[in-house]
Every structure is written in C-alpha cells, then in structure tokens.
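Following: one structure in structure tokens, then a few remarks.
If you're wondering where the values come from, they're calculated on a predicted model, not measured in any experiment.
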Amino acid sequence: MKGRLLTAAEIAEFTEHLVLEEWSAATVEKYVRDVRAFAAYASDGEITKETVIAYKKHLQEIYAVRSVNSMLASINCLFTFLGCTT
C-alpha cells in the first residue's frame with residue numbers, strides 16, 4: 001500500500017457505506033471504533049504497509065489473538081472500501 005493519510009471524511013464515508021450495506025448497528029459501531037483507534041495510532045504520518053504491521057504488533061502486546069484479528073478485519077474492510085492494496 002502506498003502511503004496515504006486517513007481523513008475524518010473517509011471514516012464518515014466508510015460509516016455510511018456500512019450502514020447502507022445494512023450491517024448491524026453493533027458491527028458498524030465496532031468497525032468504526034476500530035478504524036478510529038487505528039487512525040489515532042497513525043495520526044503522525046502516512047499510512048503504509050509498515051504502519052499496519054507496527055499497529056498489529058502493538059495490538060498483539062495488549063490483546064488476545066482473537067481480538068487482534070477482529071480489529072484487523074475492521075481495518076482491512078476499510079482498506080477494501082478505500083480501494084487500497086498492499
């Protein structure tokens with residue numbers, strides 16, 4: 001993935017996309033919470049593959065594997081929505 005900044009507008013569009021795709025309210029809330037946490041982690045610069053790997057390592061220090069995978073699924077869903085590839 002090339003470096004890019006994640007904007008509040010993109011997060012809002014992602015949220016709207018999930019709602020329009022009729023995802024459950026709880027799932028939308030969880031995905032948006034996970035994406036905002038990632039955005040806060042990466043707030044100092046561009047989002048790159050290296051940023052995502054570092055975030056994954058950060059999460060692994062705090063959470064169980066199942067929780068980490070769930071959070072990464074949220075971020076991967078965002079990247080798919082944005083058309084980002086590795």
Side-chain angles (χ1 to χ4, degrees):
M1 168 186 351
K2 294 182 180 179
R4 63 169 294 146
L5 299 175
L6 181 60
T7 67
E10 289 173 324
I11 295 173
E13 290 171 12
F14 176 63
T15 304
E16 183 178 351
H17 167 74
L18 296 177
V19 170
L20 292 175
E21 289 293 314
E22 299 182 2
W23 291 43
S24 75
T27 301
V28 171
E29 180 181 324
K30 185 231 180 292
Y31 272 46
V32 172
R33 182 177 57 245
D34 292 344
V35 166
R36 285 188 178 139
F38 174 69
Y41 175 85
S43 66
D44 292 340
E46 292 183 358
I47 297 172
T48 63
K49 186 171 185 172
E50 291 76 21
T51 307
V52 177
I53 292 169
Y55 186 61
K56 178 180 177 181
K57 289 179 183 179
H58 168 74
L59 293 175
Q60 289 171 330
E61 295 173 359
I62 304 169
Y63 299 102
V65 172
R66 187 173 185 175
S67 296
V68 172
N69 288 340
S70 175
M71 292 174 197
L72 294 175
S74 302
I75 295 165
N76 286 332
C77 184
L78 170 70
F79 291 155
T80 299
F81 170 74
L82 294 174
C84 297
T85 59
T86 56

Set of residues satisfying ring pair (Phe, Tyr, Trp, His ring centres under 6.0 Å) with respect to Phe14, sequence neighbours excluded: Phe81
Closest heavy-atom pair and its distance - Met71, Leu59: SD-CD2, 3.7 Å
Within 6.0 Å of CD in Glu16, more than 12 heavy atoms from elsewhere: no
Ala42 versus Ile47, closest heavy-atom pair with distance: CB-CG1, 4.0 Å
Sequence-distant partners of Tyr63, ring pair (Phe, Tyr, Trp, His ring centres under 6.0 Å), two or more places apart: none
Option from Leu5, Thr51, Leu6 for which side-chain contact (heavy atoms from CB on, under 4.5 Å) with Glu46 holds: Leu5
Heavy-atom pair with the smallest gap, counting every atom of Ile11 and Arg36: CG2-NE, 4.2 Å
Residue pairs fulfilling salt bridge (charged side-chain N to carboxylate O under 4.0 Å, His left out) with at least one residue in residues 22-34, sequence neighbours excluded: Glu29-Arg33, Lys30-Asp34
Residues in salt bridge (Lys or Arg N to Asp or Glu O under 4.0 Å) contact with Glu10, at least two apart in sequence or another chain: Arg4
Any residue meeting side chain to side chain contact (heavy atoms under 4.5 Å, CB included) with Glu21, in chain and number order, not counting sequence neighbours: His17, Trp23
side-chain contact (heavy atoms from CB on, under 4.5 Å) evaluation trace for Phe38 with Val52: CA-CA 9 Å; Phe38 174 69; Val52 177; 3.9 Å; yes
Test side chain to side chain contact (heavy atoms under 4.5 Å, CB included) applied to Ile62 - qualifying residues, sequence neighbours left out: His58
Value rounded to 0.5 Å, distance of OG1 in Thr80 from CD1 in Ile75: 12.0 Å
